There are 2 protein chains.
Amino acid sequence: MSTIRDDGNGMRSRMKDVAKQAGVSTATVSHVINGTRYVAENTKKKVYTAMKELNYSPNFIARSLRSNASKTIGLIIPAKEMDTSGFFFMAVAHSIEKKLKEVGYQLILSNSNEDIESEMQQINMFKNQMIDGLIMAPTYGDHSYLKEFEQQMPIVFIDREPMGIDCDCVLVDNYKGTYDAIHLLIEKGHKEIGYISGPLGLTTSNERMAGYKEALLEHDLPFKEEHVVIEEPSLEAGKKAMAQLLEETNCTAVMVANNILTLGSVVTLNERKIKVPDDLAMIGYDNYEWTEATNPPLTVIKQPINEIGEQAAELLIARLEDREAETKHISLPSRLEERQSC
Amino acid sequence: MSTIRDDGNGMRSRMKDVAKQAGVSTATVSHVINGTRYVAENTKKKVYTAMKELNYSPNFIARSLRSNASKTIGLIIPAKEMDTSGFFFMAVAHSIEKKLKEVGYQLILSNSNEDIESEMQQINMFKNQMIDGLIMAPTYGDHSYLKEFEQQMPIVFIDREPMGIDCDCVLVDNYKGTYDAIHLLIEKGHKEIGYISGPLGLTTSNERMAGYKEALLEHDLPFKEEHVVIEEPSLEAGKKAMAQLLEETNCTAVMVANNILTLGSVVTLNERKIKVPDDLAMIGYDNYEWTEATNPPLTVIKQPINEIGEQAAELLIARLEDREAETKHISLPSRLEERQSC
DNA sequence: AATAATTATGTAAACGTTTTCCTTAAAACT
DNA sequence: AGTTTTAAGGAAAACGTTTACATAATTATT
């Protein structure tokens with residue numbers, strides 16, 4: 001009954017103490033805790049009460065060192081600023097954390113700032129056996145440098161397909177997203193359809209653009225350079241882009257292929273008192289709650305944010321258990337959330 | 001020049017290998033890496049080249065075990081759903097991560113779901129020497145259970161003041177936030193001012209409410225029960241709350257003391273084609289970018305999100321270095337972002 | 001009754017660092 | 001020349017687990 005450690009002053013008790021208190025070896029304590037071999041019911045009981053008495057909880061670090069697994073996974077997201085687009089990844093982070101917790105894993109959050117240099121730097125941190133696996137949204141650039149790293153621990157890519165490496169990934173069907181949206185616009189009779197996009201290069205932007213082009217093509221509408229404006233994803237840029245389309249083209253509908261640009265576009269539309277959808281029809285990107293609060297509520301392409309996180313987490317866990325299985329490429333559908341802007 | 005380990009197949013090299021390669025002891029290698037004692041320039045050089053040759057990087061876990069510090073801090077946020085209010089904390093998380101990275105720390109992200117039970121559970125995970133310190137936004141309830149934990153590692157509370165424990169914390173001056181807002185409304189001639197709030201109990205909600213009451217009092221306006229509606233923070237609830245105020249009161253202005261309720265309120269205003277600010281003036285909460293895109297752009301109370309994270313991180317790091325210093329309570333000002341809704 | 005199989009547990013090495021002592025060689029004093 | 005000081009670095013313990021191997025006690029088999 002003597003509490004050797006845990007004097008209430010922060011001195012933590014170790015497995016050794018528990019073993020002594022219970023009159024068994026540390027091996028037995030360990031096996032009781034982990035259920036890794038048979039232990040007599042009676043002995044178990046002794047161990048449990050000793051653990052209670054000493055207020056014992058196992059040291060994660062020591063366990064990780066010995067068993068070579070930290071039950072922790074890393075996440076690298078490219079959130080430049082904490083603007084709306086950063087929210088996308090933060091929301092994904094949230095759903096990853098949720099899923100991981102279910103299976104007893106922890107999440108280390110990190111940020112590449114959409115810059116491949118800091119991405120590499122972060123990876124280097126992660127090399128040190130701190131994490132068992134990695135989930136990341138690759139920033140623009142060649143990722144073959146990850147090949148070596150990937151031998152050491154599994155990687156799951158999310159949202160964007162990395163260049164130069166083949167790994168598990170969970171992506172969104174961006175192509176079909178915009179394709180469907182443009183299709184809808186055309187069905188409603190629009191023939192001059194503008195397109196506002198974030199910088200090309202990221203697979204997401206490229207695919208969305210491809211969907212736009214293909215939809216036009218299939219309906220025998222010409223692709224016009226001047227109907228496309230490409231801007232950095234920022235509110236100001238969005239305002240500017242929409243203004244440009246308004247002033248320089250005869251578009252009757254606009255598709256905005258990025259959330260923050262969507263927001264900017266709406267600002268311009270408001271400022272100029274453009275009647276949506278009568279004067280101009282519009283479809284935006286990402287089903288954030290605010291898109292419901294504009295006037296009129298926006299029709300948007302909805303990405304399955306939670307599913308991305310969930311599936312990524314699941315994929316990684318599965319990969320941790322079978323390093324040899326074929327790489328999986330999961331493509332999640334995006335859906336058109338029809339409201340009143342088109 | 002022989003590479004003993006690191007055969008390119010994922011076998012990692014250890015300090016022992018580096019030592020052998022450089023012809024020194026592991027002690028020397030360690031000291032070179034950490035700069036913990038003088039090592040001759042020449043020896044250093046040998047160690048460095050050996051490290052390069054073997055592509056060595058130290059094992060974090062082993063280091064943590066020995067030195068009893070993981071250079072990792074935990075964060076617990078109460079993000080029930082990934083709605084707009086969850087974004088607030090995610091944004092804080094983002095700025096914490098940023099600051100921590102600067103000083104070489106990692107961030108483990110976790111979520112209490114605004115539920116004190118899972119909060120406790122998470123804390124218990126963290127007991128295991130995984131983290132060196134904790135930042136958390138306490139959920140509603142008594143937190144004296146953390147006293148014991150706090151002896152083991154420092155805690156910094158953010159956004160909300162915890163009940164039952166005195167710790168470092170960085171809060172926002174919620175009182176002054178709403179006080180100023182109501183003051184502005186009164187100055188503009190409003191006498192019947194509605195107030196929509198999230199559930200009381202959280203210190204944030206309480207303080208905002210206090211600011212509202214005090215501002216009325218100081219301008220000799222009566223506090224009217226029926227002008228206050230309290231709802232769970234959800235879009236639907238926001239819609240309902242604003243509808244109720246519209247139908248059952250003669251308010252000419254409304255203050256909404258929560259972001260997601262603000263969003264809901266705007267939806268109702270749009271649906272009913274209420275002219276803002278002419279028919280109804282309004283001030284919302286939190287300066288998210290979307291508040292600029294409503295029609296008209298919303299006047300909002302802006303919380304210093306990034307500063308919260310930065311200061312919390314700084315406070316924790318400082319505390320890690322001096323466990324005995326007096327507890328600090330930092331209160332950050334919120335600012336009125338005046339736009340056109342009032 | 002002797003041996004084999006089974007059951008329940010213990011001993012000690014190992015994980016990869018950091019850190020406390022030591023040791024050696026050279027330089028600086030008497 | 002003998003002693004002390006300083007400079008540079010090595011040997012090995014320690015951190016708290018997990019786990020490979022060993023052992024003792026019991027039961028089953030012949």
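Predicted, not measured: the structure shown is a model, and the values here were computed from it. Residue numbers begin at 1 in each chain, while the letters A, B, ... track the order of the sequences.
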Undergrad: In this structure, how many angstroms lie between the P atom of D/dT17 and the CE atom of A/Met15, rounded?
TA: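 Distance, rounded to whole Å: 5 Å.
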Undergrad: Working to the nearest 0.5 angstrom, can you tell me the gap between B/Leu100 CG and B/Glu314 CD?
TA: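 Here the rounded value is 10.0 Å.
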Undergrad: Please state how far atom CD1 in A/Ile61 lies from atom C1' in C/dG16, giving the value in whole angstrom units.
TA: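 Between C1' of C/dG16 and CD1 of A/Ile61: 13 Å.
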Undergrad: When all nucleic acid strands are considered with a 4.0 Å heavy-atom cut-off, which category describes B/Tyr38: base, sugar-phosphate, or nothing?
TA: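 Counting heavy atoms under 4.0 Å across all strands, the contact made by B/Tyr38 is with sugar-phosphate only.
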Undergrad: Which nucleotide in the set D/dT18, C/dT11, D/dG9 lies at the smallest distance from any side-chain heavy atom of B/Thr43?
TA: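 When the side chain of B/Thr43 is considered, D/dG9 is the closest of D/dT18, C/dT11, D/dG9.
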Undergrad: Rounded to whole Å, please give me the gap between CE in B/Met51 and C1' in C/dT17.
TA: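 For the pair B/Met51 CE and C/dT17 C1', the rounded distance is 14 Å.
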Undergrad: Select one nucleotide: of C/dT18, D/dG16, D/dG9, the one nearest the side-chain heavy atoms of B/Arg63.
TA: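 Within the option list, the nearest is C/dT18.
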Undergrad: For A/Thr28 and B/Ala27, take the nucleotide of DNA chain C holding the closest heavy atom to each; which residue's nucleotide lies nearer the 5' end?
TA: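 The answer here is A/Thr28.
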Undergrad: With no hydrogens and no angle check, is any side-chain donor or acceptor of B/Arg319 less than 3.5 Å from a backbone partner on B/Ala325?
TA: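 Yes, the answer is positive, given that a donor and an acceptor are paired below the 3.5 Å cut-off.
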Undergrad: For A/Asn68, answer base if it contacts any base atom (sugar-phosphate contacts may also be present), sugar-phosphate if it contacts only those atoms, and nothing otherwise; contact means non-hydrogen atoms under 4.0 Å.
TA: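 Nothing, no heavy atom under 4.0 Å.
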Undergrad: Which listed nucleotide (D/dT19, D/dG10, D/dA8) is nearest to the side chain of A/Ser30?
TA: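 So the nucleotide nearest the side chain must be D/dT19.
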Undergrad: Assign each of A/Ser67 and B/His31 to its nearest nucleotide of DNA chain D by heavy atoms, then name whichever residue's nucleotide is nearer the 5' end.
TA: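 That would be B/His31.
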Undergrad: Please check if the number of heavy atoms outside A/Phe149 that lie under 6.0 Å from its CZ is greater than 12.
TA: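 Correct, the count exceeds 12.
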Undergrad: Take atom CD of A/Glu41 and atom C1' of C/dT7, then tell me their distance rounded to the nearest Å.
TA: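 Taking atom C1' of C/dT7 as the reference, CD of A/Glu41 is at 15 Å.
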Undergrad: Which is more 5' along DNA chain D, the nucleotide nearest B/Ala40 or the one nearest A/Ser57? Just name the residue.
TA: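 Taking each residue's closest nucleotide, the earlier one in sequence belongs to B/Ala40.
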Undergrad: On DNA chain C, check which nucleotide each of B/Arg66 and B/Arg37 is closest to and give me the residue with the more 5' one.
TA: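 Upstream on the strand: B/Arg66.
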Undergrad: Could you state the atom-to-atom distance from NZ of A/Lys16 to C1' of C/dA12 in whole Å?
TA: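 So the NZ-C1' distance, A/Lys16 to C/dA12, works out to 12 Å.
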Undergrad: B/Asn59 side chain N/O closer than 4.0 Å to the phosphate oxygens (OP1, OP2) of C/dC15?
TA: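 The answer is no; no side-chain N or O of B/Asn59 sits under 4.0 Å from OP1 or OP2.
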Undergrad: To the nearest Å, give me how far apart NZ (B/Lys20) and P (D/dG10) are.
TA: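 B/Lys20 atom NZ is separated from D/dG10 atom P by 14 Å.
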Undergrad: Rounding to an integer number of Å, can you tell me how far B/Lys71 NZ sits from C/dT18 P?
TA: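 The distance from NZ of B/Lys71 to P of C/dT18 comes to 12 Å, rounded to the nearest Å.
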Undergrad: Which nucleotide in the set C/dT11, D/dT17, C/dC15 lies at the smallest distance from any side-chain heavy atom of A/Leu65?
TA: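 So the side chain of A/Leu65 is nearest to C/dC15.
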Undergrad: Nearest 0.5 Å, what's the NE2-CG distance between B/His143 and B/Asp166?
TA: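 Between atom NE2 of B/His143 and atom CG of B/Asp166 there are 14.5 Å.
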Undergrad: Less than 4.5 Å apart, any side-chain heavy atom of B/Lys98 and any of A/Asn111?
TA: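 Not in contact.
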Undergrad: What integer distance in Å separates B/Ile33:CD1 from C/dT17:C1'?
TA: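 Going from CD1 in B/Ile33 over to C1' in C/dT17 covers 9 Å.
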